[in-house]
2 protein chains.
Amino acid sequence: MGRHREFDVEKVLDAALCVFWRKGYEGTSYADLTEAAGVERPALYSAFGNKEALFRKALDRYSERYLDYIPEALKLPTSRQVAAHILYNAVDLNTRHPDHTGCLGINGAVAGSDETEPVRQALIDFRAAGQAQLHERFERAKAEGDLPETANTEALAAFVMAMTHGMAVQAKAGFSRDMLNAVADQALSTWPTKSS
Amino acid sequence: MGRHREFDVEKVLDAALCVFWRKGYEGTSYADLTEAAGVERPALYSAFGNKEALFRKALDRYSERYLDYIPEALKLPTSRQVAAHILYNAVDLNTRHPDHTGCLGINGAVAGSDETEPVRQALIDFRAAGQAQLHERFERAKAEGDLPETANTEALAAFVMAMTHGMAVQAKAGFSRDMLNAVADQALSTWPTKSS
DNA sequence: CCAATTTCATAATGGTCGTTATTAAACCAC
DNA sequence: GTGGTTTAATAACGACCATTATGAAATTGG
């Protein structure tokens, strides 16, 4: 019983996600959020909690809605295909939406005031989780003989992640999709092979 | 005539630079700046102008004091040495100071509120200037036969910059110097050669 | 139809933001 | 040493920050 909610929670979360994506955590104000969502402040608080909780929910939704290419990539047969799938799909995601280029994992917060530290750390953990999955996958590739015994799988995973981070920065700076794809090409040209 | 300034302008600028380096432009408040510099607000305004002007001066000083390895790199004989010098020195710079890891060009601002847009753009230009120098140097390498005729020098320059950006993000996330050096190794592992 | 409950919009909270008046102190030329 | 000028420190400015108190509107169970 009681009055019904008049807005679609998921639509509002998507709107908030887009704002965070564009302006980062610290750069986003409730004025921005209410304008984008078409919903007043107290409604946001009652539906999602405070700003940090809202950001964390937006980050979860980002994972679900936009990063499905990562589990896809991990299932591919060779480590090179895994890396290629991730890099090219990252370029696509970073340049697909003209009003929020780059990546929430980077735009959200790289540096910031002390008050934003928990969010910054959450993003560090978020990125580390992706890197750990990649590391694990490359370990499997080594066991399967897809990667040479000498391969530093941890560094390889960190390298792919560094590329996605760097390209995200460049996408946010306005780099074209074509340019970033060429950058990804160059990154993949360094990929180790079993027979070298 | 008139009273003398009681603080060292360069020391105060260095202090401000360190704060911006750690917290970024938007994450830095005048409370932070005055505490770090040991100088009151009005003194900062009279010596440097407003927050944006102070940041721009800090960025200039950053260039002079910390990025001298870039002109050094450009003078090296081969494009591979140029890239290696930049990447390893970037790792060093990104991890040398425990209280401000990463790079001001990235930490300063990747995303932010609309008010920070001029600073964000200044950093984009700043990074683009470095990339242009690199591009030019790689063009020369191609003319000298150091790089193959087929090399995409613009993408190569963007690739090296993407690596520095990505490693800067990782350094700010706490990655070790050793890990980042291994990432740089991977990036350099298949630099294009004249004879391939 | 009434009472209980939930959401709504308005507007206020205390705090911090960047930026400056304001006034006292220190200096130099005369 | 006095007058003119520059800097220093205190404290204030309006604006915006995230958060919430308040009361009207809407809904359902009894």
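Letters A, B, ... mirror the listed sequences (proteins, then strands); counts begin at 1.
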What does A:T34 touch in the nucleic acid at a heavy-atom separation under 4.0 angstrom: a base, only the sugar-phosphate, or nothing?
-> nothing
Output yes when at least one side-chain N/O atom of A:S29 is less than 4.0 Å from OP1 or OP2 of D:dC17, else no.
-> yes
Figure out the NZ/C1' separation between A:K23 and D:dC17, and round it to whole Å.
-> 14 Å
Residue B:R5, side-chain heavy atoms: nucleotide from D:dT7, C:dA9, C:dT19 that is nearest | D:dT7
Hey, which sits more toward the 5' end of DNA chain C by its nearest nucleotide, A:E115 or B:G2?
-> A:E115
Roughly, in whole Å, what's the span from CG in A:L33 to C1' in D:dC16?
-> 14 Å
Between C:dA12 atom C1' and A:E40 atom CD, what is the distance in whole Å?
-> 14 Å
Between atom CD in B:E35 and atom P in D:dA9, what is the gap in whole Å?
-> 16 Å
Any ion pair linking A:R22 and A:D99 (charged N to carboxylate O, less than 4.0 Å)?
-> no
Determine, using the 4.5 Å side-chain heavy-atom cutoff (strictly less than), whether B:V169 and A:L134 are members of one ILVMFWY cluster.
-> no
Between B:N94 (side chain) and B:T101 (backbone), is there a donor-acceptor pair under 3.5 Å?
-> no
Verdict with supporting geometry, B:D146 and B:T78, side-chain hydrogen bond (donor to acceptor under 3.5 Å, both in side chains) = CA-CA 6 Å; B:D146 167 38; B:T78 70; 5.0 Å; no
Under 4.0 Å between a side-chain N or O of B:H4 and OP1 or OP2 of C:dC28?
-> yes
Return the nearest nucleotide to the side chain of B:A31; candidates are C:dC17, D:dT20, C:dG18.
-> C:dC17
Measure the distance from CG on B:L44 to C1' on C:dC17 and round it to the nearest whole Å.
-> 15 Å
Is the shortest side-chain N/O distance from B:N50 to OP1 or OP2 of C:dG18 below 4.0 Å?
-> no
Provide, to the nearest angstrom, the distance between the CZ atom belonging to A:R41 and the P atom belonging to D:dC16.
-> 11 Å
Counting side-chain heavy atoms from C-beta on, which of D:dA18, C:dT19, D:dA8 comes nearest to A:Y30?
-> D:dA18
For the side chain of A:R3, counting heavy atoms from C-beta on, which of D:dA24, D:dC17, C:dC17 is nearest?
-> D:dA24
Select one nucleotide: of D:dA8, D:dT10, D:dT19, the one nearest the side-chain heavy atoms of B:F7.
-> D:dA8
Does A:Y45 make a side-chain N or O approach to OP1 or OP2 of D:dT20 shorter than 4.0 Å?
-> no
If you draw the axis of the six-membered ring of A:Y25, does the NZ or CZ of A:K51 fall within 45° of it and under 6.0 Å from the ring centre?
-> yes
Take the protein atom NZ of B:K51 and the nucleotide atom P of C:dT19, then report the distance between them rounded to whole Å.
-> 8 Å
